[in-house]
Enquirer: 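Got a structure for you, questions after.
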Amino acid sequence: MPSVPIHSDFFARSVHKVAPDLIGARLLFHGVGGIIVEVEAYHHTDPAAHSFRGPTPRNAAMFGPPGFAYVYRSYGLHWCLNFVCEREGSAAAVLIRAIEPTEGIAAMRRRRGVADLRLLCSGPGRLCQALGITGAQNAAPLNRPPFALGRRDATPDIAIGVRIGITRAVEQPWRYGLRGSRYLSKPFP
DNA sequence: ATGAAGATGAAT
DNA sequence: TTCATCTTCATC
């Protein structure tokens, strides 16, 4: 169902351009997924970014070329999915924080152990569990299976806000969401 | 070698 | 608000 596929060039731009452009796009993994409704932008100049203090084994994918996944383990038990952006070495990425489930809902419910649509993918850890994404997908290319990304057809109403769970970084409007969506991890002000 | 913090989520 | 759960990275 991904209409027009998203290719690597899409990600070879400023992370602050890519992030809002991802709202409304379709993300599938093995045919399971939905519409991206919430993301956050991270740049290596940002103290909250994993890449801020230079390359490490964990963040290596962030320093690689755009159009690849950066998956990391959070709090020892959750996986979080990012899309690497900008030129190789720029170490910028967009954290995918929430999607609206549209495909493979039965599989998502099985993996998550809950039925409520709103609890399936409303959060970075939740959506990885629902789609079956793990560290095995770190550094995987986004432009070919099992990933499938589709462009949005119309520009949605995008809400802008500060990021979730970030206390040390400068307060900047680097969180983007589909305004009014019921599938956000947290509401926008 | 050691420890503190962490881009979270679920339960209380 | 608490806690589960454990990797990562900085520091000693």
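Everything numeric here is computed off the predicted structure, so don't read it as measured data. Here is how names work: the chains are called A, B, and so on, in the same order as the sequence lines, proteins then strands, and each is numbered from 1.
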Enquirer: Taking atom P of dG9(B) as reference, at what distance in whole Å does atom CZ of Arg118(A) sit?
Expert: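 Answer to the nearest Å: 15 Å.
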Enquirer: Using the side chain to side chain donor-acceptor pair (under 3.5 Å) criterion, which residues pair with Glu100(A)? Sequence neighbours excluded.
Expert: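 Residues passing side chain to side chain donor-acceptor pair (under 3.5 Å) with Glu100(A): none at all.
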Enquirer: Under the criterion side-chain contact (heavy atoms from CB on, under 4.5 Å), I'd like the reasoning laid out for Arg126(A) against Leu120(A): C-alpha separation, chi angles, the key distance, then a yes or no.
Expert: CA-CA 6 Å; Arg126(A) 288 169 173 172; Leu120(A) 250 32; over 6 Å; no
Enquirer: Record whether the side chain of Tyr75(A) comes under 3.5 Å of the base of dA4(C) through a donor-acceptor pair of N or O atoms.
Expert: no
Enquirer: Represent DNA chain B in dot-bracket notation, 5' to 3'. Only Watson-Crick or G-U wobble pairs with both distances under 3.5 Å count; pseudoknot-style crossings use [ ] and interstrand partners use |.
Expert: ||||||.||||.
Enquirer: Between Thr45(A) and His43(A), is the side-chain hydrogen bond (donor to acceptor under 3.5 Å, both in side chains) condition met? List the steps.
Expert: CA-CA 5 Å; Thr45(A) 56; His43(A) 190 263; 2.7 Å; yes
Enquirer: In whole Å, I'd like the distance from the CZ atom of Arg73(A) to the C1' atom of dA4(C).
Expert: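 So the two atoms are 13 Å apart, to the nearest Å.
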Enquirer: Does Arg53(A) make a side-chain N or O approach to OP1 or OP2 of dA5(B) shorter than 4.0 Å?
Expert: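 So the side chain of Arg53(A) is outside the cut-off, no N or O lying under 4.0 Å from OP1 or OP2 of dA5(B).
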Enquirer: Would you sort out whether Arg73(A) and Thr134(A) count as a side-chain contact (heavy atoms from CB on, under 4.5 Å), showing the intermediate values?
Expert: CA-CA 8 Å; Arg73(A) 183 93 106 153; Thr134(A) 70; over 6 Å; no
Enquirer: Are His78(A) and dG9(B) close enough that a side-chain N or O sits under 4.0 Å from OP1 or OP2?
Expert: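 Checking dG9(B) against His78(A), no side-chain N or O comes under 4.0 Å of OP1 or OP2.
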Enquirer: Are Tyr42(A) and Phe68(A) linked, directly or through other ILVMFWY residues, by side chains that come within less than 4.5 angstrom of each other?
Expert: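 In one cluster with Tyr42(A): Phe68(A), no.
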Enquirer: Between Leu119(A) (CG) and dT8(B) (C1'), how many Å, whole number?
Expert: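 Interatomic distance, CG of Leu119(A) to C1' of dT8(B): 14 Å.
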Enquirer: Ser74(A) and side chain to side chain contact (heavy atoms under 4.5 Å, CB included): which single residue from Cys128(A), Cys80(A), Pro124(A) fits?
Expert: Cys80(A)
Enquirer: Among the nucleotides dT5(C), dT8(B), dA10(C), which one has an atom lying closest to any side-chain atom of Cys80(A)?
Expert: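 The nucleotide sitting nearest to the side chain is dT8(B).
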Enquirer: What parts of residues 121-133 of chain A reach DNA chain B, counting only heavy atoms under 4.0 Å away?
Expert: Gly123(A), Pro124(A), Gly125(A), Arg126(A)
Enquirer: Could you please spell out the steps behind the side-chain contact (heavy atoms from CB on, under 4.5 Å) verdict for Leu149(A) and Phe10(A)?
Expert: CA-CA 11 Å; Leu149(A) 298 186; Phe10(A) 176 89; over 6 Å; no
Enquirer: Has Tyr42(A) got its ring stacked on dA7(B), by the test of a centre gap below 5.5 Å and a plane angle below 30°?
Expert: yes
Enquirer: For Phe83(A) and dA7(B), what is the distance between atoms CZ and P respectively, to the nearest whole Å?
Expert: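 Rounding to the nearest Å, CZ of Phe83(A) and P of dA7(B) are 19 Å apart.
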Enquirer: What is the distance, rounded to the nearest whole Å, between atom CG of Leu77(A) and atom C1' of dT7(C)?
Expert: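 Taking CG of Leu77(A) and C1' of dT7(C), I get 11 Å after rounding.
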Enquirer: Starting at atom CE of Met62(A), determine the distance to atom C1' of dA7(B), rounded to an integer number of angstrom.
Expert: 10 Å
Enquirer: Under 4.5 Å between any side-chain heavy atoms of Ile36(A) and Phe83(A), yes or no?
Expert: yes
Enquirer: When you get a sec, tell me which of dT5(C), dT8(B), dA7(B) is the closest nucleotide to the side chain of Tyr72(A)?
Expert: dA7(B)
Enquirer: Would you call Arg151(A)-Asp21(A) a salt bridge at under 4.0 Å N-O?
Expert: no
Enquirer: When the distance from CZ of Phe52(A) to C1' of dA7(B) is rounded to whole Å, what number comes out?
Expert: 15 Å
Enquirer: Does a side-chain heavy-atom distance below 4.5 Å link Asn143(A) with His7(A)?
Expert: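 Counting from C-beta outward, Asn143(A) and His7(A) never come under 4.5 Å.
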Enquirer: Give a yes/no on whether any side-chain N or O of Arg97(A) is located under 4.0 angstrom from OP1 or OP2 of dT8(B).
Expert: yes
Enquirer: Whole angstrom is fine here: how far is it from CH2 in Trp79(A) over to P in dG9(B)?
Expert: 15 Å
